[in-house]
Engineer: 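Pasting in a structure now, in structure tokens, and then I'll have a few things to ask.
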Amino acid sequence: MHVPDGFLNLPTSVVTGVLAAGAIGVALPVARRESLGERKAPMVGMVATLIFATQMLNFPVGLGTSGHLIGGALAAVLVGPATGLLCISVVLIVQAVFFADGGLTALGTNILLMGVITVVVGWGLFRLVIAVLPARKWSVPVATGVGGLISVPVAAAAFSVLFAIGGQAPVPFEALFLAMTGWHVLIGIGEAVISALIVAAVMATRPDLVYGARFRRTRRPESEPASVAEEASA
Amino acid sequence: MPAGISIQGLRYAYPDGTPVLDGVDLEVAPGERVAVLGRNGAGKTTLMLHLNGVLMASAGSVRIDGTEISRATVRDIRRRVGLVFQDPDDQLFMPTVAEDVAFGPSNFGSTGEELEARVSAALTAVGLEDRGASSPQRLSLGQRRRAAIATILSMDVDVVVLDEPTSNLDPTARRELSGTLAGLDSTIVVVTHDLPYALELCPRSVILDGGRVVADGATRDLLADAELMRRHGLELPWGFDPSIVDELHS
Amino acid sequence: MPAGISIQGLRYAYPDGTPVLDGVDLEVAPGERVAVLGRNGAGKTTLMLHLNGVLMASAGSVRIDGTEISRATVRDIRRRVGLVFQDPDDQLFMPTVAEDVAFGPSNFGSTGEELEARVSAALTAVGLEDRGASSPQRLSLGQRRRAAIATILSMDVDVVVLDEPTSNLDPTARRELSGTLAGLDSTIVVVTHDLPYALELCPRSVILDGGRVVADGATRDLLADAELMRRHGLELPWGFDPSIVDELHS
Amino acid sequence: MTAVADPSNRWGYHPGSTPLHRLSPRTKLVALLLFAVIVVATPREWIPFYAAYAVFAVIVLAVARVRAGDVLRRLTIEIPFLIFALLLPIVATGPRVDVLGFSLSVSGLWGAWAILAKATLTLAMSIALVATTEPGRVVLAFGQIGLPRALTSIMTFMVRYLDLIVAESHRMRIARESRGFDAHGVRSWGILARAVASSFGRAHARGERVHLAMVSRGYDGGS
Ligand SMILES: Nc1ncnc2c1ncn2[C@@H]1O[C@H](COP(=O)(O)OP(=O)(O)OP(=O)(O)O)[C@@H](O)[C@H]1O
Ligand SMILES: Nc1ncnc2c1ncn2[C@@H]1O[C@H](COP(=O)(O)OP(=O)(O)OP(=O)(O)O)[C@@H](O)[C@H]1O
Ligand SMILES: [Mg+2]
Ligand SMILES: [Mg+2]
């Protein structure tokens with residue numbers, strides 16, 4: 001879904017750019033609160049790397065085409081929504097500049113679609129689901145999967161709206177909307193599976209590093225291993 | 001100016017729950033040279049990582065020159081305590097060896113000619129004067145060990161902590177290192193399995209076992225006490241001339 | 001069944017152009033134990049990496065039991081040559097120590113009880129019998145070194161190549177390792193900076209310098225030749241009893 | 001440590017000493033962003049302008065001594081949009097023309113042209129930047145043009161970690177093969193999956209230690 005340069009007209013790019021910059025502006029101070037302690041920096045960098053690397057892996061969706069992970073829900077659960085948005089933004093900037101994957105002038109659009117929307121939707125659903133699931137090891141991966149599953153078609157729907165407003169050519173909106181959303185439901189399944197697997201893997205080895213685990217129902221954060229407690233007390 | 005170290009009742013457990021340090025007490029006077037001995041897994045590295053706040057005590061305290069290490073003081077402490085990690089790959093991260101050696105001093109405000117002089121002095125001390133432009137990835141492990149030591153020598157700190165500095169060093173570099181260290185006036189703490197080296201470099205040693213300091217005294221006395229050594233998984237290496245210990249001992 | 005090694009005119013340069021091996025010739029008879037000595041950066045590790053085809057010769061040849069190592073034979077060769085890397089982190093990649101130790105034998109068809117027996121024998125030999133379920137990341141460096149050695153002990157190979165096996169080992173583990181190795185009937189090649197250890201374990205040594213084998217002979221003779229040693233950056237460590245060499249020498 | 005590939009290559013960087021290599025990374029980055037904005041802002045009907053941009057891009061790439069093969073390889077990233085652009089003339093609405101017997105939408109044709117031209121031009125120019133600038137210096141340049149420090153710090157770690165992970169997986173592949181691993185069959189998939197998972201764990205552990213080493217020597221970015 002990486003939108004290249006020239007895909008949308010200039011006014012659309014400018015407006016999405018302003019929105020994305022605003023979202024990052026909001027996320028910056030919040031992220032500082034999410035990531036207390038010097039030990040967080042490597043984890044945040046690692047999550048950005050993980051998302052970058054998994055975005056390069058394409059999984060088959062059918063009809064000979066493939067999709068790739070977007071990672072909004074995943075990032076939000078691993079390091080918190082605001083920090084997660086920063087991670088995805090960095091991934092998109094690096095992809096645009098180093099690999100021309102997604103346009104430079106379309107950065108705002110891409111951050112809005114793949115960062116802000118997937119993080120907000122993914123994290124919101126995660127919080128809803130985690131609030132009703134029992135406090136088990138698997139509940140965090142499952143809630144992440146649900147967030148990932150829905151966040152992708154929502155982003156695709158938003159893309160269709162943007163294209164209808166500022167696309168290079170008029171295309172029947174309904175057809176585009178249905179095609180994009182339907183297609184991305186399939187991609188969302190891949191997103192859900194991969195995100196859940198990754199979160200489960202991290203939960204198995206370093207549960208203290210998973211931000212979303214703080215929101216499990218009954219078990220309190222203080223039952224988490226020392227380093228979280230240590231950071232929280234700082 | 002060398003600084004003293006004071007560790008009191010230090011406890012630490014890794015996040016997975018393994019308790020590793022279980023009430024360590026240790027006092028090191030400014031300018032002293034102390035060897036820390038103990039079997040694999042005794043917690044020596046864990047203890048060293050507390051000396052500059054890489055790890056923070058779960059209980060007890062670590063003081064450098066009277067200042068307790070805490071979130072508030074840790075930046076200042078790190079200016080004063082230089083730590084050579086046991087694994088040189090943990091220490092080297094810049095694109096070239098010279099940049100890596102310059103990293104510490106330049107963070108602490110050294111620039112220009114002074115910085116260059118520090119870097120070249122440190123590289124010369126470890127025999128890497130002609131490898132400054134190499135990438136650390138392209139050095140042999142022993143050369144990386146040397147580079148890791150140089151990153152601390154360039155820093156002019158009050159306490160130098162070295163975790164197994166001689167591993168992978170060739171015999172000449174090993175001897176030259178002891179000369180270099182003996183020439184520093186910092187307080188020096190060395191973790192080593194190389195007991196002759198401990199004897200050569202450090203008048204005093206402590207043995208760590210079961211998460212505590214179980215012996216503390218003159219290195220020659222500890223090494224001469226075969227029963228004590230055996231109990232804590234230590235022994236003089238084959239071929240080492242025991243009469244040296246006896247002579248120093250008597 | 002131990003295998004012989006025959007290296008002829010081996011040359012190697014890293015992709016950046018550094019020439020490291022410049023015509024190495026070396027013959028090792030089946031069952032022999034040979035130490036490879038030389039200063040940091042001499043090319044010892046580079047040479048060892050040729051023995052199981054991790055690196056391939058730019059010129060010259062390496063033969064194991066008469067079979068030249070090439071793309072076609074490398075899989076078979078690796079079944080027969082076990083290599084303990086200088087950096088244990090290069091060796092351990094499975095989630096637990098026991099899985100890592102089981103990895104080699106299970107690739108070569110070992111299963112069930114036999115596999116378990118191998119794993120537990122290897123772990124016991126290095127004193128890690130109770131750490132099989134740990135993640136290698138949670139071991140101390142010396143414990144990782146022990147685990148790395150165990151991954152090869154479990155494999156029952158014809159040639160064992162060890163790159164600095166004693167670094168970071170505590171003195172007891174160091175001695176026990178020499179007992180374990182002496183008990184193997186494989187051909188053994190050991191790279192080490194620990195000259196007393198070379199003397200204890202290997203009747204024969206070679207010295208590598210300038211990309212070539214510059215000395216090859218009985219370990220006691222090489223170590224007794226102070227001038228030769230000095231020329232190639234080697235020296236007996238402080239405290240080592242030279243009379244041992246003299247005695248063996250005469 | 002047998003990692004032999006030059007890590008910066010992965011980022012498309014080719015060391016050299018052309019005038020473009022010597023230009024400050026910050027200038028190059030600003031120029032790239034300006035170029036992209038100008039190209040996107042140019043109405044798609046102004047075809048001579050596009051010709052001029054193309055000539056300019058080719059000159060820059062030639063001065064930077066970028067090989068044509070490298071440019072072509074990187075252009076493959078456009079393929080999904082190529083497909084989308086090719087579909088546009090068919091699915092777009094509005095007046096239609098007949099081309100070779102197909103009825104195609106006029107605005108769809110213009111749209112396809114605009115997407116391909118604009119995307120290709122900016123892509124070519126970004127290649128000129130990354131081919132002549134060390135990846136770490138591009139990250140620094142972002143800091144100089146005002147990207148918030150929180151973002152550049154994440155970027156610094158990401159660039160370093162990618163190199164770490166690639167080196168790590170290379171080392172692990174050697175370790176596996178040294179002990180007789182042969183990558184086929186179902187069992188090998190399980191092992192590879194576990195190995196990939198643990199390589200992230202290792203890279204993170206290593207990254208954590210490296211970060212602590214940086215902090216130990218007075219680094220205070222990123223927290
Ligand atoms: N990251 C970690 N997570 C969990 N346990 C750990 C971790 N690092 C070390 N340990 C455990 O803590 C104990 C002490 O480890 P430490 O590295 O301090 O030992 P050491 O005395 O330095 O040993 P060595 O001589 O082998 O270097 C060991 O039993 C080890 O298994
Ligand atoms: N990946 C690499 N790329 C380029 N040069 C390398 C690489 N690895 C090693 N070298 C160089 O090759 C030479 C030999 O390295 P090698 O690791 O074989 O030395 P060594 O004898 O094992 O040293 P040590 O005793 O320190 O382990 C060194 O000068 C080193 O700088
Ligand atoms: Mg240690
Ligand atoms: Mg070596």
Side-chain angles (χ1 to χ4, degrees), chain A residues 2-10 13 24-25 27-28 31-32 35-50 52-53 65 83 86-87 89-91 93-94 96-106 167-172 175-176 197-198 201-202 204-206 209, chain D residues 11-12 29 32-33 36-37 39-41 44 74 77-78 81 88-89 91-94 105 107-108 110-112 114-115 117-119 121-123 126-127 129-130 135 138 142 147-148 150-151 153-162 165 197 200-201 203-204 207-208 210-211 215 221-223:
Chain A
H2 290 71
V3 175
D5 281 314
F7 203 77
L8 299 174
N9 63 21
L10 201 57
S13 302
I24 291 178
L28 282 172
R32 224 165 289 137
S35 48
L36 287 170
E38 64 192 23
R39 225 133 294 193
K40 191 71 179 267
M43 179 64 183
V44 176
M46 182 48 76
V47 167
T49 312
L50 185 79
F52 182 91
T65 57
T83 316
L86 300 185
C87 280
S89 305
V90 167
V91 168
I93 294 171
V94 168
V97 171
F98 285 96
F99 302 96
D101 197 3
L104 293 167
T105 58
Q168 285 287 357
V171 168
L176 179 67
L197 285 178
I198 292 175
V202 184
T205 50
R206 293 291 299 272
L209 292 176
Chain D
W11 300 94
L29 183 59
L32 170 64
L33 295 176
V37 169
V39 168
V40 170
R44 60 195 188 190
R74 302 212 128 207
I77 197 101
E78 280 191 352
F81 290 93
L88 262 189
V91 300
T93 52
S105 154
S107 59
W110 275 115
I115 290 171
K118 293 178 188 217
L121 282 169
T122 51
L123 190 145
S126 73
I127 293 173
L129 167 75
V130 297
V138 177
F142 269 110
L147 197 71
L151 294 179
S153 136
I154 297 176
M155 207 182 285
T156 310
F157 274 103
M158 191 176 131
V159 169
R160 184 165 300 144
Y161 279 160
L162 275 170
I165 287 175
F200 271 94
H204 177 256
E208 221 175 14
V210 166
H211 177 247
V215 168
S223 58

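Here is the naming used below: chain letters follow the sequence lines, and residue numbers restart at 1 for every chain. Treat the numbers as computed from the prediction; the structure is a model and nothing was measured.
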Engineer: Please enumerate all residues that pass ring pair (Phe, Tyr, Trp, His ring centres under 6.0 Å) together with A:F98, with sequence neighbours excluded.
Structural biologist: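 Applying ring pair (Phe, Tyr, Trp, His ring centres under 6.0 Å) to A:F98 gives D:W11.
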
Engineer: What residues, two or more places apart in sequence or in another chain, satisfy side chain to side chain donor-acceptor pair (under 3.5 Å) together with A:S89?
Structural biologist: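 Expected list: none.
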
Engineer: Grab the two heavy atoms, one from A:A48 and one from D:I154, that are nearest each other, plus how far apart they are.
Structural biologist: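 Minimum heavy-atom contact is CB-CG2, 3.7 Å.
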
Engineer: May I ask you to test the A:V97-D:S126 pair for a side-chain heavy-atom distance under 4.5 Å?
Structural biologist: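 No - every pair of side-chain heavy atoms lies 4.5 Å or more apart.
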
Engineer: Which atoms of A:V94 are under 4.5 Å from chain D, going by heavy atoms: the side chain, the backbone, both sets, or neither?
Structural biologist: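 Contact with chain D is through the side chain of A:V94 alone.
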
Engineer: Given a strict heavy-atom distance threshold of 4.5 Å, which part of A:L104 is in contact with chain D: side chain, backbone, both, or neither?
Structural biologist: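 Just its side chain gets close to chain D.
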
Engineer: For A:L197, is it the side chain, the backbone, both, or neither that has a heavy atom closer than 4.5 Å to a heavy atom of chain D?
Structural biologist: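 The answer is neither part of A:L197.
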
Engineer: Relative to chain A, which of D:V37, D:V138, D:T156, D:V159 shows the most heavy atom pairs under 4.5 Å?
Structural biologist: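 With the most close heavy-atom pairs to chain A, the winner is D:V138.
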
Engineer: Kindly indicate whether the side chain of D:F157, heavy atoms from C-beta on, has any atom under 4.5 Å from the side chain of A:T49.
Structural biologist: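 Heavy-atom side-chain distance check fails, nothing below 4.5 Å.
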
Engineer: Provide the closest heavy-atom pair for A:M46 versus D:Y161 in the form atom of the first, atom of the second, distance.
Structural biologist: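 That closest heavy-atom pairing would be N-CE1, 3.3 Å.
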
Engineer: Chain D: which of A:L86, A:V47, A:L10 shares the most heavy-atom pairs with it under 4.5 Å?
Structural biologist: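 Sorted descending by pairs with chain D, the first entry is A:L86.
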
Engineer: Please determine, among A:A106, A:G45, A:G103, the option with the most heavy-atom pairs under 4.5 Å with chain D.
Structural biologist: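 Maximum pair count with chain D is reached by A:G45.
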
Engineer: What part of A:V202 gets closer than 4.5 Å to chain D, counting heavy atoms only: side chain, backbone, both or neither?
Structural biologist: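 Neither the backbone nor the side chain of A:V202 comes within 4.5 Å of chain D.
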
Engineer: Given heavy-atom pairs under 4.5 angstrom as the criterion, report whether the side chain, backbone, both or neither of D:L147 touches chain A.
Structural biologist: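 Interface part for D:L147: side chain.
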
Engineer: Where on A:I24 is there a heavy atom nearer than 4.5 Å to chain D: the side chain, the backbone, both, or neither?
Structural biologist: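 Interface part for A:I24: side chain.
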
Engineer: Minimum heavy-atom separation for D:T122 and D:L32, please, with both atom names.
Structural biologist: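 Answer, listing the atom of D:T122 first, then D:L32: O-CD1, 4.2 Å.
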
Engineer: Side chain from CB out, backbone as N, CA, C, O: work out which of these in D:L151 comes under 4.5 Å of a heavy atom of chain A, or both, or neither.
Structural biologist: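 For D:L151, the contact with chain A is made by backbone and side chain together.
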
